[in-house]
There are 2 protein chains.
Amino acid sequence: MTAEIIAIGTELLLGDILNTNARYLSRQLADMGISVYYQSVVGDNVDRLQETIENAMNRTSIIITTGGLGPTTDDLSKETIAQVLGLPLIEHEESKKRIVDFFKQRDIPMTENNLKQAYIPEGAIVLENDNGTAPGFIVKTKNNIIIVLPGPPSEMVPMFEKGVKKELKKLNEGVIFSRTLKLCGIGESTVANILQDVIDNQTNPTIAPYAKDGEVHLRITAKTNEESKAIKLIDAMEQKVADHVGEYIYTTDEKTLEETIVHIMKNKNLTLSVAESCTGGLLSGRIINCSGVSDVYKEGFITYSNEAKMKYLGVRKDTLEEFGAVSEETAREMAEGLIDKCDTSASISITGIAGPTGGTEEKPIGLVYIGVSYKGVTTVKKCNFYGNRQKIRTRAVVESLIMLWNKIK
Amino acid sequence: MTAEIIAIGTELLLGDILNTNARYLSRQLADMGISVYYQSVVGDNVDRLQETIENAMNRTSIIITTGGLGPTTDDLSKETIAQVLGLPLIEHEESKKRIVDFFKQRDIPMTENNLKQAYIPEGAIVLENDNGTAPGFIVKTKNNIIIVLPGPPSEMVPMFEKGVKKELKKLNEGVIFSRTLKLCGIGESTVANILQDVIDNQTNPTIAPYAKDGEVHLRITAKTNEESKAIKLIDAMEQKVADHVGEYIYTTDEKTLEETIVHIMKNKNLTLSVAESCTGGLLSGRIINCSGVSDVYKEGFITYSNEAKMKYLGVRKDTLEEFGAVSEETAREMAEGLIDKCDTSASISITGIAGPTGGTEEKPIGLVYIGVSYKGVTTVKKCNFYGNRQKIRTRAVVESLIMLWNKIK
């Protein structure tokens, strides 16, 4: 089973945005054992889009398009695809109702052009859009399956998960199962080095390492005709991996690192408070994105200024004057201040220099101190991160989560 | 002058990496007035790569490929392209010397397969690689220019800057200039509707709307032979747009909404404090990502619990009991509490239900109250957002920024 992913949108050809949809869909199809042979990007232009669709229909069986389903006149994916397939567009009552309701519920006036989105090629399977107005759809022809999805990832991804996956799974002869082991606190090249023999001798299941924002993910994929066989194969491979790097594996299901932490803390009746300086809320933002976090997360402070560090966390003026805001001592007092003031079982503090200005020879951009306090023991780690402001802040957040996980696991 | 960008590499088709090269090259070509008509991705497979190259040569004049130039057996871009062009590969003495030196200088033993990289199609312009071993090259045929570059961005980008730009500039007749007007507080379909006549009658400059995370961006692009003429054309178009939707334009340069706000507040000597419940630090995270924010951002609280709302913001127990944590009254007391406690000129409060649990009939998931206080006036907005937890939180952050911008602009 082969596939082509076509992203439609002039903004991609102008380099305004990255084609993250192609990556997401490629990964999803690979997991299902479908080989993506091509990715294409074409602008909002009828002739070139038509040529691209026809070309794809000749060379692969599954075609997934993203983008060009919106209400404006330059959104013409649907019209062009319907034309290539020789199908008329029919008003889909339910979609129309959903669009009208979408605006009503938000109390926004609906302009007439929005209703264009309720037209669907005759005979298509309609894919509801739970996060926007344009529905997607699936058309099956003699030789092809054409899946048409909206462009915004926040609409495309849930639609794929809810409506497309099950359709694609039906097509698959063998069954593909995969499991991802997520590791933290170890680099990709070290993992690859330790597991070299295992990786080189892979056949079924296969194993592939991916680096991701300070973590390493190992994806184990087995192809069999029965689920139970696949699970046995994957279990055996997981054991092999765990024998070598078990201490770094934080989860074998789909949980993120923060979800793993929240899960452990909830089970152990632990609570967490957080004080952030240079990361300014990013860490809390990630933790609070976990559903059901309210039993765990107590209070958070964004103490960007020295005053706030003293006022809310009890950092001593002497400490700030003698060692500076970005120092091991300040990070320690921030973490311990949280324990005192918030009556919490664990705390994280982050203070650092994210740039692009503010660095000195002694304290360069990228210098970040992270404090974690738990069960009366405070650990402070000095980190030197590289990259731009955004990257330094992200790395600091990940590192602080790894430190906390190591304490509570 | 039209172009196609072809990325070669199975890792892209597996979704292991993002195609950042295509975006970079698209942006570069757009700035030079070259229209990118297609981006393609194809794996390390001779037949499919050959088909892709031939297809590109038939439909565009400039072809840029990235990837597949390395020393291993699955790197076959050069061989395949040479075959399509009917050119023999000739050993390039200087490149050979550079490769040998590359390893010598790093004190790494060179494996024999590295020398394969010194072979270049006969008659090609060789592009030196200052950051790796594989040189790139340019071949000019009767109808096409084929530019072959390495895959790693750290090698590709400097090679493009140093060796390719000047070749492409020679080809170019006109010059392209563009400007992006960023709007907030208005939907894409409304903008498109209001500006329909302007958009429909566009020739030079062109104007294209893009929706982006609760904002609308309008990109105006002019093509002329002189910069000053282009700027005049763009200025005139900007005026036309401003006549219709001027009140929603927050910037005409590359600033983000939060950068625009920080810039205004810095100029007016204003300060900001923030209290977040369901967004849990996301808003602060975005604001603090602006460089130089330390003059503006004072303090931030993540008051997820009722206790924290009372303790740090002075929200009254009665208010929480009578109206609940997610209510207009609580949002108001949070925003006003910040002004009192933090001695700040402006404040933002967010309290809501981001889901997936916690919704009731009366207070459904997506209900968010946002308070903004400035110059003694507090405005609270009741919002009903849709989507998953992540999306609801992102929308709340954007909405709060729009509210603040409207007050201080």
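Every heavy atom of this structure was used, including side-chain atoms; hydrogens, water molecules and symmetry mates were not. A note on names: the letters A, B, ... follow the listed sequences, proteins ahead of strands, and every chain is numbered from 1. A quick note: this is a predicted structure, and the numbers were derived from the prediction, not measured.
Residue contact with chain A, scored on non-hydrogen atoms closer than 4.5 Å, involves the side chain of B:Glu51 exclusively. Using a 4.5 Å cut-off between heavy atoms, B:Asp16 touches chain A through backbone and side chain atoms alike. Neither the backbone nor the side chain of A:Thr133 comes within less than 4.5 Å of any heavy atom of chain B. With a threshold of 4.5 angstrom between heavy atoms, A:Thr303 does not approach chain B through any atom at all. Only the backbone of A:Asp130 comes within less than 4.5 Å of a heavy atom of chain B; no side-chain atom from C-beta onward does. Heavy-atom distances place the side chain of A:Glu155, and not its backbone, under 4.5 Å from chain B. For B:Asn55, the part sitting under 4.5 Å from any heavy atom of chain A is the side chain, from C-beta outward, and nothing else.
The nearest pair of heavy atoms linking B:Ser277 to A:Ile288 is O-CG2, 4.3 Å. Closest heavy-atom contact between B:Cys290 and A:Arg389: O-NH2, 3.7 Å. Shown here for A:Lys341 and B:Lys311, the closest heavy-atom pair between the two residues is O-NZ, 3.0 Å.
The side chain to side chain contact (heavy atoms under 4.5 Å, CB included) search around B:Ser26 returns B:Ile5, B:Val36, B:Gln39, not counting sequence neighbours.
Going from atom CG of A:Leu12 over to atom CZ of B:Arg23 covers 9.5 Å, rounded to the nearest 0.5 Å.
Ring geometry for A:Tyr297 versus B:Tyr304: interplanar angle over 60°, hence perpendicular rather than tilted (30 to 60°).
At a cut-off of 3.5 Å, with distance as the only test, no side-chain donor of A:Asn113 or B:Ser189 sits close to an acceptor on the other residue.
When side chains are defined from C-beta on, A:Arg27 does not count as touching B:Leu14, because their heavy atoms never get closer than 4.5 Å. Residues A:Val42 and B:Tyr37 form no side-chain contact, since every pair of their non-hydrogen atoms from C-beta on lies 4.5 Å or further apart.
For a heavy-atom cut-off of 4.5 Å, chain A lies close to B:Gln390, B:Lys391, B:Arg393 in residues 390-397 of chain B.
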